[in-house]
Structure formats: structure tokens, C-alpha cells
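A quick write-up on the structure given underneath.
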Amino acid sequence: MSLSIKNAGQFAINEITIVTKSGSFDITNLFIELNLYDSLFMPIMSGNIVITDSQGLSSKFLFDGSEAILIDIGKDGDSDIGRIKKAYRIYKQTNRINLNQNSESYILNFVSDELIYSDQQKINQSYEATYSEIVENILLNYLQVPKNQLKGIYEDSSGIRKVVIPNLSPLDAIEWCAKRALDRETSPSYVFYKNLIGYNFVSLSTLLTKQAILDVKFSPQNLAGSNSIRDLSNARSFEVIMQSDSIDKIRSGVNAGKFIGFDPMTRTFATRNVTYADHFSSIKHGNLNSTYSAIQNRDNKFNDTSYDARKVLSFFGTARKYSEYIKQNDSSSISKDENYESYLFQRKAILKNLTNKRIKVVMPGNFQLSSGFNVNFSAPVYAIKEKGDSNEDPSLSGKYLIVAARHVIGLNKHETIIEVASSSTNNPYSIVSHPEQNKKLLKYI
């Protein structure tokens, strides 16, 4: 069904209903603001709604955690394009304030029902399967996720693992699996999240290389004769949350670090140096070049060889494949035991490298802007320009992954605030510090 838009900020409410023990109640005419949230690093969707109540709903419904809220909103009431239709569980009421003798306001906070159900149980079970198969088993058998929530992206992880879920709730167990799962390139970059289309269990390589769904630009909107569909691409404003934090990169092992492994079974001890190039090349990226900056310290040593910046100590099993005793008595453990040396250090560095460059963009309301999708971002230059100068900032422009989204629906507005991140850049050069920088730094008193 085609989408009809008169202006970029329009929306159509099909339903906002609270389902209580005593029946259903339409609150379309009572709410002041509705916020919907999703994130690449959260296993559920959530939100809140601000209500002005002159009908005494609080005293009638009590809001004890049994209530559900049904939300069906689109850009066009007759189209399924750009539409969100979700059911949530109301888990608390906050900020209840008397406005006058006849009315009050309050906020109802809600989450995906799977979180409530997950927190009420624990998993103590052994598995011998890939992590993607374990995740699917938990979703279906423990969380009983409806089929309409299983439309997300599922990517098979590599390697059968023999593991025991250590007394975790189902959602925590899935996140536990995501931290350990490796893709076909043995990269530990899996994320588990819920967005507009459902649950997703997928590697960053797959997400970062998917085609962008929107070209974000900065142009006047809602002008006479303008195209309202095209206006959906025009951002209202943006804010650079972080462009590069060198201290965070050092402490997180983004530039370099060391894995120290020991195996009590074979009495083996080993170390492995990990550089920026190691974890950057293990996944695919949306742009052409890395964001690495080669910086020298006082010893004239570059940051990608400063392996003492971060150290991780753990068990490791690499040496077991050389043990004749293990080959003869427990050969399956060589391939099925946990591969700590492949993810404990690298995963944190990969995720920190992604989130070290983040931008918050305010867009016209668009439910298709959800976590896990890519956008092309063209940042303007805020400076005096000569004739013929480009108006695009190359340090910010490029392809970005949406890592969080907030949809704000008010009485007469619908805005989508997205947080986007990138692990790469289209800048055609590598930034290398100059020795004179250190000399002047040390000599200046």
C-alpha cells in the first residue's frame, strides 16, 4: 500500500490503548508525549507516555504491572509503510503530580513483555551447539517469543560449543552467548537486540556492510512545492557526541594490548600481542579507511605497539591441540571448548572502536529509522567558505550504523532522534603524529 505524506512531520494514530483487568481504555486524547526507544545494545524495546488525566484512571486501574499498552502509529493511517505496531507491558508509574482539583499528570513506563517474563526464570542447562542455535532455542522454548517478533536478522555463528548456561535469565543468557559467538572470520562482534522488525542476532560485519536506507542531508523543509517524501531525509540538527577519545581507546585496547593465557591441563603459558590492525581487519566496515591515528609517545613508540596499555588474563586452549594425551582421551574438547583467546580481548576493542565516533541526529519522524540500519550522513561545514569550497565535512561524513533510536510523538509533532556510530571513515589519509609535537610538548614550560 502506497504512502501519502503531506509534510515530513505528520503522523497518524491508529491506536493507543491500555488493557487492564477491567477492560480496554483508549488514551489517544489523553497523552501529551509518547517516547519509544530501541538500541543495538539492548535486548528489548521500551518507552514511556506522559498523560494528563481528568478521569481518575490511576484510582481505577491501580497500575500494578498487569496492564499492557497497545501502540499502532504510522505516517499515514492507510499505509503499512513506516508504521509501528507493538504491544508493551506497563511496569511502573512515575512523576504523578496534581495539576488542579480535577486533573493530574503522570508517566507510564513500559517495556517489551519478554523482559518481565525473562526476569521470572533462570536457565541451568548444558548445550552442545553453535551459539546461534542456542539463542534460537532460548527465544522459542524459554521466552516463547511470538512468530511476528522473529523477523529480524539471524546469522549463523561458527563452531559447535559445549557450554553450560550458568544460572542466567533467558535474556541475560542470550547476551552471554553474543559475547562469545564468533563469525566465520572468527571475529567476536555479535550483537543481540530488538528493533522495529523484531529480534536480531547478527555480527557487526553484516550490519556495517548493509546498504544504507536513507541519505541524511541538511536542506530547508516543507517549502512550497517541496517533496514531502524527500523531506524525510532532511535532518533538523545534529550533535557530535564523540569524534575520538584517545584515552578511551588506550584503556580499552583499541590501539594495542596483550592477551595472557594459561592452561592448567597442559601446563602451558603464552602471551599474544593484539594490535589495532588485528581487530579492525577481522570485521568488514561501511567506509573505506580506518579511524586509527598513529601517535608517538615520549619513547618514540607508536600507540599500536604499546601492548601494556591493556592486559587480559584468562584460560586458553590453543595448546591442547598439540597434546597427544588430549587427542586420545578428549579430542572433542579441542574444538568444542570455549575459545577465550579469540574474544575476551578483541570484543571490547571492536565495540569501543565503533562507539568512539558517534553523532546524534534529529530527523523528521520516521519509524523506519531503527537500530541496526545504516544511513549515509553528509555533514555541513560550519566555517567561512570561499567560492567553490565544498560544504561537506569529510571528518564526519560517511556511512553510519544506527546504534540507538528515540521516537518522540507529541500533540502536533513526530521526531526521530537517532544515535549513529562508525568504525571507519572515507578520509583518504592516515593520520600520523610528528616528532616535533612531542618535542614542543616536553619543552614548553
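Computed from a prediction, not measured in an experiment: that's the story for all the values here.
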Report the residues that fulfil salt bridge (charged side-chain N to carboxylate O under 4.0 Å, His left out) with D393, sequence neighbours left out, ordered by chain and then residue number. none
List for me each residue that meets salt bridge (charged side-chain N to carboxylate O under 4.0 Å, His left out) alongside D337, sequence neighbours excluded, and say none if there are none. R320
Testing the basics here: between [X] and [Y], what is the closest heavy-atom pair and its distance to 0.1 Å?
{"X": "G365", "Y": "L232", "answer": "O-CD2, 3.8 Å"}
{"X": "S126", "Y": "V164", "answer": "CB-CG2, 3.9 Å"}
{"X": "L196", "Y": "F367", "answer": "CD2-O, 3.0 Å"}
{"X": "S157", "Y": "Y131", "answer": "OG-N, 3.2 Å"}
{"X": "I350", "Y": "P188", "answer": "CD1-CD, 4.0 Å"}
{"X": "R96", "Y": "Y106", "answer": "CA-CB, 3.8 Å"}

Any donor-acceptor pair under 3.5 Å linking the side-chain atoms of [Y] with those of [X]?
{"X": "Y142", "Y": "Q125", "result": "yes"}
{"X": "E185", "Y": "S187", "result": "no"}
{"X": "T94", "Y": "N109", "result": "yes"}
{"X": "S22", "Y": "K60", "result": "no"}
{"X": "D304", "Y": "T275", "result": "no"}
{"X": "N289", "Y": "N427", "result": "no"}
{"X": "N356", "Y": "D245", "result": "no"}
{"X": "T425", "Y": "N287", "result": "no"}
{"X": "Y127", "Y": "E133", "result": "no"}
{"X": "Y292", "Y": "N303", "result": "yes"}

Would you give the length of the straight line joining atom [atom1] of [X] to atom [atom2] of [Y], rounded to the nearest 0.5 angstrom?
{"X": "I213", "Y": "N366", "atom1": "CD1", "atom2": "CG", "answer": "7.0 Å"}
{"X": "L369", "Y": "T416", "atom1": "CG", "atom2": "OG1", "answer": "5.5 Å"}
{"X": "S132", "Y": "D156", "atom1": "OG", "atom2": "CG", "answer": "4.5 Å"}
{"X": "N48", "Y": "F31", "atom1": "CG", "atom2": "CZ", "answer": "12.0 Å"}
{"X": "L208", "Y": "N374", "atom1": "CG", "atom2": "CG", "answer": "6.5 Å"}
{"X": "L313", "Y": "T271", "atom1": "CG", "atom2": "OG1", "answer": "11.5 Å"}

Residues in side chain to side chain contact (heavy atoms under 4.5 Å, CB included) with S103, at least two apart? S54, L99, N100
Of all residues at least two apart in sequence or in a different chain, which pass the side chain to side chain contact (heavy atoms under 4.5 Å, CB included) check with T206? E155, V202, S203, K210
Test: [X] and [Y] ion pair at under 4.0 Å:
{"X": "K86", "Y": "D72", "answer": "no"}
{"X": "E415", "Y": "R236", "answer": "yes"}
{"X": "E128", "Y": "R161", "answer": "no"}

Under 6.0 Å between the ring centres of [X] and [Y]?
{"X": "F238", "Y": "F218", "result": "yes"}
{"X": "H407", "Y": "Y37", "result": "no"}
{"X": "Y340", "Y": "F259", "result": "no"}
{"X": "F262", "Y": "F316", "result": "no"}

Pair listing, salt bridge (charged side-chain N to carboxylate O under 4.0 Å, His left out) test, anchored in [range], at least two apart:
{"range": "residues 368-383", "answer": "none"}
{"range": "residues 114-124", "answer": "E114-K194"}
{"range": "residues 352-362", "answer": "E239-K360, D248-K352, R358-E419"}

Looking at residues at least two apart in the chain, or sitting in another chain, which of them share a side chain to side chain donor-acceptor pair (under 3.5 Å) with Y88? none
Taking side chain to side chain donor-acceptor pair (under 3.5 Å) as the test, write out the residues that go with D215, two or more places apart. N376
Between the side chain of E67 and the main-chain N/O of D64, is any donor-acceptor distance below 3.5 Å? yes
Donor-acceptor pair, N200 side chain versus I153 backbone, under 3.5 Å? yes
[X] versus [Y]: any side-chain heavy-atom pair under 4.5 Å?
{"X": "L207", "Y": "L40", "result": "yes"}
{"X": "T17", "Y": "I69", "result": "no"}
{"X": "I44", "Y": "L171", "result": "yes"}
{"X": "H285", "Y": "I283", "result": "yes"}
{"X": "S58", "Y": "Q93", "result": "yes"}

With a 6.0 Å cut-off (strictly less than), is the heavy-atom count around CZ of F315, excluding the residue itself, greater than 12? no
Is it true that, when you exclude I247 itself, more than 12 heavy atoms of the residues, nucleotides or ligands shown sit nearer than 6.0 Å to its CD1? no
Worked check of side-chain contact (heavy atoms from CB on, under 4.5 Å) between I241 and I359: CA-CA 5 Å; I241 299 174; I359 303 173; over 6 Å; no
Among pairs that include at least one residue of residues 173-184, which meet side chain to side chain donor-acceptor pair (under 3.5 Å), considering only residues two or more places apart or in two chains? R180-Y343
Does anything in residues 396-406 form a side chain to side chain donor-acceptor pair (under 3.5 Å)? List the pairs, not counting sequence neighbours. N35-R406
List for me each residue that meets ring-ring contact (aromatic ring centres under 6.0 Å, His included) alongside F192, sequence neighbours excluded, and say none if there are none. Y199
Does the structure place the NZ or CZ of R310 under 6.0 Å from the centre of the six-membered ring of F345, at an angle of no more than 45° from the ring's axis? yes
